[in-house]
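Please read the structure below before turning to the comments.
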Amino acid sequence: MEHKTKATFPKDFLWGSASAAYQVEGAWNEGGKGPSVWDIYTKIEGTTFKGTNGDVAVDHYHRYKEDVRLMAEQGLKTYRFSVAWSRIFPSGKGEVNEEGLRFYNNLINELLANKIEPMITLYHWDIPQALMDEYGGWESRQVIEDFDQYAITLFKHYGDRVKYWISLNEQNYFVSYGYETALHPPGVKDRKRMYEVNHIANLANAKVIQSFRQYVPEGKIGPSFAYKPYYPMDSNPENILAFENSEDLNNYFWMDIYAWGRYPITAWKYLEENNLTPTIQEGDFELLASAKPDFMGVNYYRTTTVDKNPLEGGVDLGVKNTTGKKGSSKDSGIPGMYKSAKNPYLEATNWDWEIDPQGLRIGLRRIANRYNLPVLITENGLGEFDKLEEGDIVNDDHRIDYLKSHIEAIQDALSDGVEVLGYCSWSFTDLLSWLNGYQKRYGFVYIDRDEESEKDLRRIKKKSFYWYQNVIETNGESLQGQSLAQQGENPYE
Ligand code: NOJ
């Protein structure tokens, strides 16, 4: 759809940036915090790039005031961060850790004092290890009650000041990486268990949304879904079918549950045929259908193009690139359903992630048309190598290009009629990229550390810091005048 004039960003558009506790906080065993599964998992040899972990991360726990000062300088309207469950309940349940509550309370107050809207993620992958030891974490329905109690504690303490909440971050990834590809804790390769875990996570998600209505009636809550819209390789009907298989099994399988409380019919059939269906108990679907979110939270980085994949001898799990060696990933798929294929129209990053701003617009339109829900973009950004030059300069034009084109795609989606509440870039500072160490950088603020050494953890504003500052200040209007930057002159210096 082409428009004669483009929509402008709404006046109260939430220009933001995001992070997650394990990736930034450090202080893994301070302040009364208990260990999470990530504290344990990253210490098993061979699990992460160069054996990196989040013990210190970027030390946000001790430096949060400095970080918030930088956010205020940039003009952020919102900052999305996650709470480490095991900081609040070191054993996952039972006695609350006041010091943990105080840390986030201080962070929230600091943000508000700087006119930044705090946005809390309840769960960003770091379940307390104690619950894993006691009942297998997400594999037991006991987690639903414990997660609910933890969430209620946060609602009661912070609900008076925090309006925007994210329930589960990338549920589709923590279940698939945790139980299908065995890349995340607990490192299991068993698709039956994955679908069981996933169903339990769905129920937990619904339960906390129900509680939220009671404790924070004026607030807004939704999950943040890792959304990779799919494309068919070409117009061959077999590839169109592969595309539909992947949409049903990888996207609608989650979003239909969030929005409507039901699984897509054909994906469910696939599960039945392969003995993968989760255990359904009486009342499950009622609970799921009763907990409609206020928005669909979307983490968008890329699209995936697919074609057919034979049942016999088809491509399976593939290989992920966690080193930044371009081209080292291998196609993945599900035999009889689909497999990924290279899209000849798209460039990729050094970690083999296709760069596709138009895919964001397409995804936003798909969500709006299917669910009639507003969208909150909870993550989007470019993970790349950055170079710290003399004089504390980081010229990350590649990041500016990426963000600019994606923000323009949002503007196009707004023009198409999609309601978008806000945009959180990933991430504010550089941080630990889970399996990829510290060299895959996403931030507006460079952190002086690497895999080998924590160095001085100094905060250094990158060129993109000033660029986004200008975007926020002009509520997106500065994007219009940016041909100058593309011609080599930087109007923001
Ligand atoms: C999604 C996750 O939520 C976040 O933790 C991660 O670092 C980014 N994607 C980049 O991979």
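If you're wondering where the values come from, they're calculated on a predicted model, not measured in any experiment. Both ligands and their constituent atoms are indexed starting at 1 by order of listing.
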In this structure, which one of Y22, Y173, W38 forms a ring pair (Phe, Tyr, Trp, His ring centres under 6.0 Å) with H184?
W38

Is the Y164 ring parallel, tilted or perpendicular to the F295 ring (thresholds 30°, 60°)?
tilted

Does the plane of the ring in F212 sit parallel, tilted or perpendicular to the ring in F155? Use 30° and 60° as the thresholds.
perpendicular

K65 NZ: over 12 foreign heavy atoms closer than 6.0 Å
no

Does the distance from a Lys or Arg side-chain N to an Asp or Glu carboxylate O, for D430 and K440, drop under 4.0 Å?
no

With a 4.0 Å heavy-atom cut-off, what residues sit around ligand 1?
Q23, H124, W125, N169, E170, N299, Y301, W353, E379, W426, W434, Y442

Between F385 and R441, is there a cation-pi geometry (under 6.0 Å to ring centre, at most 45° from the normal)?
no

